[in-house]
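All remarks here apply to the structure that follows.
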Amino acid sequence: MFNWLKDKMNSRINSEMMGCIRQNLRFVDFVNNQDRLNSSLDFYIEEIKEISLKMKAKTDSGENLTPDDNAELLDANKNCRRMWTNEFGGSAFKFDKEFSTQ
């Protein structure tokens, strides 16, 4: 019974993290298509892209993400949200609508 619950939780977490990966990569594409890019953002955007692609490769290979992987991915997502509001003047409440997790 506990294995079933553990598998269900892992499945749910992996699904949420895949949404986070898609959202991060959509934000990276958005930033890369902007004309007015602050060059100091380049490092952060590249880091977000690398983290997201690394986690995507892990999940695509059937591997479960570790708690450390999840934390790293969520931190990258937090940085996306911070840049969205601070650099692009976007509303924090509209981030999820602009960059879908689906």
Side-chain angles (χ1 to χ4, degrees):
M1 180 173 143
F2 289 113
N3 283 336
W4 173 82
L5 183 58
K6 180 181 171 187
D7 291 343
K8 182 122 175 115
M9 287 177 56
N10 281 338
S11 174
R12 175 70 177 170
I13 290 170
N14 283 342
S15 174
E16 291 288 326
M17 291 302 106
M18 282 305 298
C20 188
I21 290 167
R22 282 189 290 274
Q23 192 171 53
N24 288 354
L25 293 175
R26 285 184 177 130
F27 181 75
V28 167
D29 287 342
F30 165 79
V31 172
N32 287 335
N33 288 323
Q34 298 301 305
D35 290 335
R36 58 176 189 107
L37 183 61
N38 182 342
S39 62
S40 66
L41 295 180
D42 289 344
F43 172 77
Y44 296 107
I45 293 300
E46 191 59 34
E47 182 179 45
I48 290 166
K49 183 178 179 180
E50 286 177 18
I51 289 168
S52 299
L53 291 175
K54 179 176 77 171
M55 300 308 167
K56 184 177 183 324
K58 279 181 111 173
T59 57
D60 287 350
S61 70
E63 202 175 331
N64 286 328
L65 297 178
T66 66
D68 288 339
D69 292 338
N70 293 339
E72 188 175 17
L73 192 55
L74 290 172
D75 190 48
N77 189 263
K78 179 178 69 174
N79 287 334
C80 290
R81 292 168 183 274
R82 187 175 297 133
M83 281 186 258
W84 171 246
T85 57
N86 294 340
E87 298 294 328
F88 297 100
S91 167
F93 299 111
K94 293 183 180 178
F95 184 83
D96 289 330
K97 288 182 182 180
E98 285 290 324
F99 307 102
S100 172
T101 60
Q102 300 300 317

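Remember, predicted model here, so these are calculated numbers, not experimental data.
For residues 44-53, the side-chain hydrogen bond (donor to acceptor under 3.5 Å, both in side chains) pairs, not counting sequence neighbours, are Asn24-Ser52. Every pair passing side-chain hydrogen bond (donor to acceptor under 3.5 Å, both in side chains) that includes a residue from residues 92-102 is listed here, sequence neighbours excluded: Gln23-Asp96, Arg81-Asp96.
Scanning for side-chain hydrogen bond (donor to acceptor under 3.5 Å, both in side chains) contacts around Ser91 gives an empty result, with sequence neighbours left out. The side-chain hydrogen bond (donor to acceptor under 3.5 Å, both in side chains) test applied to Asp68 returns no partner, not counting sequence neighbours. Partners of Glu16 by side chain to side chain contact (heavy atoms under 4.5 Å, CB included), not counting sequence neighbours, listed by chain and number: Arg12. With sequence neighbours left out, the side chain to side chain contact (heavy atoms under 4.5 Å, CB included) criterion links Asn79 to Ile48, Asp75, Arg82, Met83.
The distance from the CG atom of Asp29 to the CZ atom of Phe99 is 9.5 Å, given to the nearest 0.5 Å. Asn77 CG to Ile21 CD1: the interatomic distance, rounded to the nearest 0.5 Å, is 10.5 Å. Taking CE of Met55 as the start and CG of Leu25 as the end, the distance is 12.0 Å to the nearest 0.5 Å.
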Would you please test Thr59 and Met18 for side-chain contact (heavy atoms from CB on, under 4.5 Å) and show each step? CA-CA 8 Å; Thr59 57; Met18 282 305 298; 3.0 Å; yes
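A heavy-atom distance below 4.5 Å is found between the side chains of Val31 and Phe88.
The nearest pair of heavy atoms linking Phe95 to Phe27 is CE1-CD1, 3.9 Å.
Counting heavy atoms of neighbouring residues, nucleotides and ligands inside a 6.0 Å radius, atom NZ of Lys58 exceeds 12 of them.
Listed for the Asp69 side chain is a donor-acceptor partner under 3.5 Å among the backbone atoms of Thr66.
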